[in-house]
Amino acid sequence: MEQHPNKFPLREHLKSKSIIEKLYTEGASATAFPLRAVFITLPREQQLPTASILISVAKKRFRHAVDRNLIKRRIREAYRLNKAPFIKEIETDGKKIAIAILYIDNKPGSTDYLKHKMQKLLNNILEKVQKV
RNA sequence: GCAGUCGGACGGUCUGUCGCUGUUACCCAAAGAGGUAAAAGAGGAAAGUCCGGGCAGCGCAGAGCAUUCCACUUCCUAACAGAAAGCUGUCUGCGAAGGCAGAGUAACGCAGAAGAAAAUAACCGCCCGCAAGGGUAAGGGUGAGAAGGUGGGGCAAGAGCCCACCAGUCGUAUAGCGAUAUACGGGCUGUGCGUCUUGGGAGCUGCAAGUUCAUGUAAACCGACGUUCGAGGGUUGCUCGCCCGAGUCGGAGGGUAGAACGCUUUAGCCGUAUGGUGACAUACGGUAUAGAUGAAUGACAGACAUCCCGUAAGGGAUACAGAACCCGGCUUACAGGCCGACUGCUACU
């Protein structure tokens, strides 16, 4: 049975506290304004998916929960629709990766805009990962 | 018809594509992971976290003191600082209505760069008197408040000194469950705030409560105090009193940070009837409707609906805002429209 490429189930969300802590202290970063990613490559372990994602929108920038949710959902959508080629690359490199995506603008961006930026961001990350 | 007051209820709908969450059924599989399908999946305020409860853990022999909250009346409720129906004063409005305040004042204190004076008042003024001195709160300016107010009588001039009306207060009667209202009568009356007094309450901490399982493990090491000559702990903040008591406290270092329960069936929601002015209560019938946890409930496209602009073609707008244990309130935000009762103005009959 072939897997649909555009799914983004909960299992691919980053949850482990220890990995998140590691991510923020040791992670490298890539930026494609208004998105900024902090990421870390991990050794192959059985339980983790190829890419674990954490999306964060600061309360400081958007006071209302409604606005934060809106942006998170748009970012998630942008990632969901663009992740397939990215994951394939990581997989052929034999790596696993954990990424925190941060939103660093004070204004909400439209869905099309974010999709475009997400492609850029993922390419930037790939470049940096493959250099190492 | 226009303008407005109060109360109530609502706050988008549908289709397609790609997704998310838990549930149920089936499929694959040693198991896990996975796949397919079905039905379901944010609010009136989910918000602010300001009150009150349920629930949970800990605590609770008792006494005193302190602290703190509430305060017109009756009533509703699980409870409340909330709601309902009223009462008194005051302010706003032509009005329907709405806002604000509301236990007591015996004692003590404060007011203050005002004013003569802030309570056993005499600066100016007025009166008596040769004068010394005395009488006087009518008039003056200050102030939130000046010795109840206005008018008349009276007097040397004045003053509840006397009278009428009005306000307050106390007593009696009547009406009301009551706050109060009305009538009659008596005494003859300063304002605000605080302390205080009276009456009624308040154990503490919150679902990151708490329970179970898994992983790991340490009754290891160092120091201090101590076992009836009692270390230390519990007992709301303190005191007394009471109780437990052989371990307790600190340092350094290490481990976990996952899963399940709690967790959604409830003071539940809807309807009808009865009682009540009403909040609400009772009875009967129907109904099942989110449970995430680095946190789902979405993204995109199109159509419709409503409103606004425009002669038209067409264009624009659709708010405030996102569950986190659950309820009852309060407060705040809000495009747009709906229903009921009432008020004012205008027109017509």
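Note on naming: letters A, B, ... go to the chains in the order of the sequence lines (proteins, then strands), and numbering restarts at 1 for each one. Below, all heavy atoms of this structure are taken into account, side chains as well, without hydrogens, waters or symmetry copies.
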Self-check item: Distance in angstrom units between A:Arg74 CZ and B:C18 C1', rounded
Solution: 17 Å
Quiz prompt | Conformer about C1'-N of B:G160 - syn within 90° of 0, anti elsewhere | solution = syn
Quiz item: Using purine N1 to pyrimidine N3 plus N6-O4 or O6-N4 for Watson-Crick, or N1-O2 and O6-N3 for G-U wobble, both under 3.5 Å, which nucleotide pairs with B:G176?
Solution: none
Quiz item: If anything within 90° of 0 is syn and all else is anti, what is B:U13?
Solution: anti
Quiz prompt | Close side-chain approach of A:Ile75 and A:Ile101, heavy atoms under 4.5 Å | solution = yes
Quiz item: In the strands shown, is B:G250 matched to any nucleotide by a Watson-Crick or G-U wobble pair with both distances under 3.5 Å, and which?
Solution: B:C222
Quiz item: Partner of B:U287 by Watson-Crick or G-U wobble geometry, both contacts under 3.5 Å, or none?
Solution: B:G268
Quiz item: Which label fits B:G152, syn or anti, where anti is any glycosidic angle not within 90° of 0?
Solution: anti
Practice problem: Determine which nucleotide pairs with B:U211, using a 3.5 Å limit on both distances of a Watson-Crick or G-U wobble pair. | Solution: B:A260
Self-check item: Among B:A323, B:G298, B:A321, the nucleotide that comes nearest once only the side chain of A:Glu77 is considered
Solution: B:G298
Practice problem: Tell me which nucleotide among B:U297, B:C300, B:C18 gets nearest to the side chain of A:Arg76. | Solution: B:U297
Quiz prompt | Span that lies between the P atom of B:G32 and that of B:U23, in whole angstrom | solution = 14 Å
Quiz item: Quantified in whole Å, what is the C1' atom distance between nucleotide B:A333 and nucleotide B:C238?
Solution: 47 Å
Quiz item: Taking the C1' atom of each, how far is B:A146 from B:G192, in whole Å?
Solution: 15 Å
Exercise. Among B:U297, B:A323, B:A299, find the nucleotide with the atom closest to the side chain of A:Leu70.
Key: B:A299
Quiz item: Mind checking who B:C304 pairs with, Watson-Crick or G-U wobble, both distances under 3.5 Å?
Solution: B:G12
Quiz item: With no angle test and no hydrogens, is the base of B:C20 tied to the side chain of A:Arg80 by a donor-acceptor pair under 3.5 Å?
Solution: no
Exercise. With A:Leu70 as reference, evaluate A:Arg68, A:Arg74, A:Lys72, A:Arg73 under the side-chain contact (heavy atoms from CB on, under 4.5 Å) test and give the passing residue.
Key: A:Arg74
Self-check item: B:G59: pairing nucleotide in any strand, Watson-Crick or G-U under 3.5 angstrom
Solution: none
Quiz prompt | Whole angstrom value for the distance that separates C1' of B:A47 from CG of A:Asp67 | solution = 13 Å
Quiz item: Given the P atoms of B:U74 and B:U49, what is the spacing between them in whole Å?
Solution: 38 Å
Exercise. Can you tell me the pairing partner of B:A118 across any strand shown, Watson-Crick or G-U wobble, with both distances under 3.5 angstrom?
Key: none
Exercise. Among A:Lys115, A:Lys117, A:His116, find the residue that satisfies the side-chain contact (heavy atoms from CB on, under 4.5 Å) test when tested with A:Tyr113.
Key: A:Lys117
Quiz item: Does the side chain of A:Tyr103 come within less than 4.5 Å of A:Leu114's, by heavy atoms?
Solution: yes
Quiz item: In whole angstroms, how far is the P atom of B:A321 from the CZ atom of A:Arg68?
Solution: 13 Å
Practice problem: Whole angstrom is fine here: how far is it from NE2 in A:His64 over to P in B:A319? | Solution: 14 Å
Self-check item: Rounded interatomic separation in angstrom, taking CZ from A:Phe62 and P from B:G322
Solution: 14 Å
Quiz prompt | Any A:Ile99 side-chain heavy atom under 4.5 Å of A:Phe86 side chain | solution = yes
Quiz item: Quantified in whole Å, what is the C1' atom distance between nucleotide B:A97 and nucleotide B:G187?
Solution: 42 Å
Self-check item: Gap between atoms OH and C1', on A:Tyr79 and B:C18 respectively (whole Å)
Solution: 17 Å
Quiz prompt | Separation of the C1' atoms in B:A147 and B:A159, to the nearest angstrom | solution = 11 Å
Self-check item: Syn or anti conformation of B:A209, syn meaning chi within 90° of 0
Solution: anti
Self-check item: Chi-angle category of B:U136 [syn within 90° of 0, anti beyond]
Solution: anti
Quiz item: How about A:Leu35 and A:Ile104: do any of their side-chain heavy atoms sit closer than 4.5 Å?
Solution: no
Quiz item: Where each residue is assigned the nucleotide of RNA chain B containing its nearest heavy atom, which of A:Lys115 and A:Lys72 is assigned the position nearer the 5′ end?
Solution: A:Lys72
Quiz item: Of the candidate nucleotides B:C300, B:A323, B:A42, which contains the atom at the shortest distance from the side chain of A:Asn69?
Solution: B:A42
Self-check item: Nearest-Å distance for atom pair CG/C1', residues A:Leu81 and B:C20
Solution: 13 Å
Self-check item: Distance, C1' atom - from B:C193 to B:G112, rounded to whole angstrom
Solution: 15 Å
Quiz item: Across all strands, who's sitting opposite B:G41 as a Watson-Crick or G-U wobble pair, both distances under 3.5 Å?
Solution: B:C20
Quiz item: Rounded to whole angstroms, how far apart are CG on A:Asn82 and C1' on B:C300?
Solution: 14 Å
Quiz item: In whole Å, what separates the P atom of B:A281 from that of B:G262?
Solution: 30 Å
